[in-house]
Amino acid sequence: MAVADDDLEDFGLEDFGPEDDFGLGDDDFSLKETFGLADRLPPVRLPPEPELAAMSRATPLLGRARGLVDWLAPGRGISGQLELTVQDTIAAAHALGIQVPGKADRGPEPLPGMPEPAAITSMRDVPELADVWDIAIDAGFLDLDLNGNRAEPGVDLALWPDGTDEEVLEVWSTTLPTVINRLADDAEFDDRVGGLLDFGGAGWALMVLLYLARGQGLLVREASELIREIATDELAPGQAEEEWQAWTGAHGDPGEYLLGMLRELNAVSLPDQAPDEADEEGPVALLTPLGAWAMRELLVEDDVEIPLLPPSDQLTAADLLAAAGDLGEEEFEAELAAWLELRAPDVAAIELLAAATDGDAAERLLAVAAVQKLGAAAEPAWRDALARAELRPYAKIFLTEIAGGEPGVTVLPGLEPEAADIAWMLTDTLAAASGDPDELQEQMRDAIPAGQEQQAFDAIAVSPHPDAAAVLTLIGKHHPDKQIAKAGRRSAHRASSRPKG
């Protein structure tokens, strides 16, 4: 599911404005500080370097930049604006398959008596070629002799795509900021329309949001709305609308344009065809593994801790459960599926239940749910779990299920539920939600029948569960019903006063 309208503020991107400096060349620039990012972000899994390098070598935009330099004869002359001459602009565009605008594309008809403007007056009149030209320069494929007004092959031309994996990734990561800042650069070269719009930082805001939402993706229309909000932040509503319409009329939607450039760089993936608007909210943009790698590198440089998940075959059950707290639900399910695929079901059950014994309540519930999905293959592991106090309640339930019985109804010899079992599972459930008072209350309503709170609290108070006192204390502190809160506090005192061991 993509990030929706109301979720943008959740990513902390609503409080920055055009006064922020977004130049990566500035030593004071920090993505972490600019966007108010936490000191630690969820772990991420990235492909090995050879796979990332292969994605870099397959980048269409760098391929076109390389093609432009290959087309240029060494020492070709350039204009005083440090760009191709009009004649070479047309020739290079044709060579690269870039459409050259005709006179009809230059705007309204001239006034009577006025000369008809030329279709091409500079390379900037062919924006797609101008983009490729700038990419070639920033990638190091093309050098400009400022004194002799000549263009020469750059020193890094040999590094892509034929360099080492490290070299091609370095070329790619050097190019990324150029693409991210395209809107601001385009506005600088074209002040004929939308001259009051400030696109500074729009590309970086988009990339940070894509990184934070990488498991869900971002609606393309959300990207456009984000960019519009940034570009018009300091304009009056009427003025903002006028400037925005002028820009989009001349250049198209800036969100779609920037995402299209990022797709050409293999930093973002977009669907080839827009979905049916009647059924969907619109196309969704996703950060590619290459884009995620580059953003992680930048964020780590800004002192943001982002752990790397090891390959699934090296991931222990304890590692998997520990990562769940940082991963979204869909990401964790994907990690779990990949982890299970590499292990025999009976072995996976043993490893998960062993980790559940040592884990906290939330990790234990995740492990138990995962082993339940393994069905009868997990029976030996559940049999062994009967000897562990942390797992015995769950083992009784799922062994009953495997035997064809119905937990809570069917009583099998040796698997009879006890009050201590129920108290342990109830404490696990509440402890897993205890970080959120609202979630804690919801879990209480679901797990404890109305009017039986005191009996449940009494059972928890005498349970050996290590979280018993903490759960009861939170209930006593946050429950809106004063009587239930009071009962929770009394039971919390009993639990904390109980002799240890």
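In what follows, residues are counted from 1 in the order of the sequence shown. If you're wondering where the values come from, they're calculated on a predicted model, not measured in any experiment.
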Test salt bridge (charged side-chain N to carboxylate O under 4.0 Å, His left out) applied to Arg76 and Glu152, step by step:
CA-CA 7 Å; Arg76 183 178 293 272; Glu152 303 284 354; over 6 Å; no
CA sep, side-chain torsions, deciding dist, call: Leu210, Met295, side chain to side chain contact (heavy atoms under 4.5 Å, CB included)
CA-CA 10 Å; Leu210 282 166; Met295 288 302 296; over 6 Å; no
Mind running side chain to side chain contact (heavy atoms under 4.5 Å, CB included) on Leu197 and Arg228 for me, showing each step along the way?
CA-CA 9 Å; Leu197 298 179; Arg228 176 172 180 162; over 6 Å; no
Kindly indicate, with the supporting measurements, whether the criterion side chain to side chain contact (heavy atoms under 4.5 Å, CB included) is fulfilled by Ile120 and Val100.
CA-CA 8 Å; Ile120 302 295; Val100 178; 3.7 Å; yes
Determine whether Asp39 and Lys32 satisfy the following criterion, salt bridge (charged side-chain N to carboxylate O under 4.0 Å, His left out), listing intermediate values before the conclusion.
CA-CA 8 Å; Asp39 292 334; Lys32 178 183 178 183; 2.7 Å; yes
Is there a side chain to side chain donor-acceptor pair (under 3.5 Å) between Thr248 and Asp253? Walk through the geometry before answering.
CA-CA 5 Å; Thr248 55; Asp253 182 272; over 6 Å; no
Between Leu129 and Thr89, does the side chain to side chain contact (heavy atoms under 4.5 Å, CB included) criterion hold? Intermediate values first, please.
CA-CA 8 Å; Leu129 181 63; Thr89 291; 3.7 Å; yes
Applying salt bridge (charged side-chain N to carboxylate O under 4.0 Å, His left out) to Asp358 and Arg364, what does each step give before you reach the verdict?
CA-CA 8 Å; Asp358 299 326; Arg364 187 157 43 250; over 6 Å; no
Residue pair Asp131, Arg182: steps toward the salt bridge (charged side-chain N to carboxylate O under 4.0 Å, His left out) verdict
CA-CA 8 Å; Asp131 288 340; Arg182 283 316 301 170; 2.7 Å; yes
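Using modelled atom types, no side-chain atom of Asn181 and backbone atom of Ala184 make a donor-acceptor pair closer than 3.5 Å. Although no hydrogens or angles enter the test, the distance criterion places no donor-acceptor pair under 3.5 Å between the side chain of Ser79 and the main chain of Thr85. Although no hydrogens or angles enter the test, the distance criterion places no donor-acceptor pair under 3.5 Å between the side chain of Arg40 and the main chain of Ile306. Under a 3.5 Å cut-off, the side chain of Asp125 and the backbone N or O of Ser122 do form a donor-acceptor pair. Side-chain atoms of Thr357 come within 3.5 Å of backbone N or O of Leu353 as a donor-acceptor pair. Of the possible donor and acceptor atoms, one in the side chain of Glu167 sits under 3.5 Å from a partner among the backbone N and O of Thr164. A side-chain donor-acceptor contact under 3.5 Å links Arg66 to the backbone of Trp160. Remark: the backbone N or O of Asp145 is not paired with any side-chain donor or acceptor of Arg150 at under 3.5 angstrom. No donor-acceptor pair under 3.5 Å is formed between the side chain of Thr34 and the backbone N or O of Leu31. Between the Thr59 side chain and the Leu62 main chain, no donor and acceptor come within less than 3.5 Å of each other.
Taking every heavy atom of both residues into account, Leu68 and Ala92 meet most closely at CD1-CB, 3.9 Å. In terms of heavy atoms, Arg343 sits closest to Asp313 at NH2-O, 3.8 Å. Residues Asp165 and Pro50 approach most closely at OD2-CA, 3.5 Å, considering heavy atoms. Residues Ala139 and Asp156 come closest through the heavy atom pair O-CB, 3.6 Å. Ala356 and Leu321 make their closest contact through N-CD1, 4.2 Å (heavy atoms, listed as atom of the first residue, atom of the second, distance). Between Leu315 and Leu320 the shortest heavy-atom distance is CD2-CD1, 3.8 Å.
With rounding to the nearest 0.5 Å, the separation of CG in Leu262 from CG in Leu176 is 7.0 Å. In this structure, CG on Leu46 lies 9.0 Å from CG on Leu309, to the nearest 0.5 angstrom. Atom-to-atom distance recorded for Leu226:CG and Ile230:CD1 is 4.0 Å, nearest 0.5 angstrom. One finds the CG atom of Asp185 at 8.5 Å from the CG atom of Asp138 (value rounded to the nearest 0.5 Å). To the nearest 0.5 Å, the span separating CE on Met207 from CG on Leu212 amounts to 11.0 Å. The CG atom of Leu84 sits 5.5 Å away from atom CE of Met123, with the distance rounded to the nearest 0.5 Å.
Two residues are said to be in side-chain contact when any heavy atoms from C-beta on lie closer than 4.5 Å; Leu235 and Trp244 fail this criterion. Taking the side chain as every heavy atom from C-beta outward, Leu298 and Trp204 approach each other to under 4.5 Å. Looking only at side-chain heavy atoms (C-beta outward), Asp186 and His251 stay at 4.5 Å or farther from each other. Under the 4.5 Å side-chain criterion, counting only non-hydrogen atoms from C-beta, Leu206 is in contact with Leu258. Looking at heavy atoms from C-beta onward, Leu299 lies in side-chain contact with Tyr211 at the 4.5 angstrom threshold. With a 4.5 Å cut-off on side-chain heavy atoms, Thr174 and Glu170 count as touching. For the pair Leu218 and Leu287, the minimum side-chain heavy-atom distance is 4.5 Å or more. Leu286 places none of its side-chain heavy atoms less than 4.5 Å from the side chain of Arg214.
Within a 6.0 Å sphere centred on CD of Glu242, heavy atoms belonging to other residues, nucleotides or ligands number 12 at most. Heavy-atom contacts from other residues, nucleotides or ligands closer than 6.0 Å to CD of Glu341 number 12 or fewer.
A side-chain N or O of Glu241 and one of Gln245 form a donor-acceptor pair less than 3.5 Å apart. Counted by atom type alone, Trp172 and Asn266 present zero donor-acceptor pairs between their side chains at under 3.5 Å.
The residues Lys373 and Glu333 are annotated as salt-bridged, a charged nitrogen and a carboxylate oxygen being separated by less than 4.0 angstrom.
With ring centers used as reference points, Trp247 lies under 6.0 Å from Phe199.
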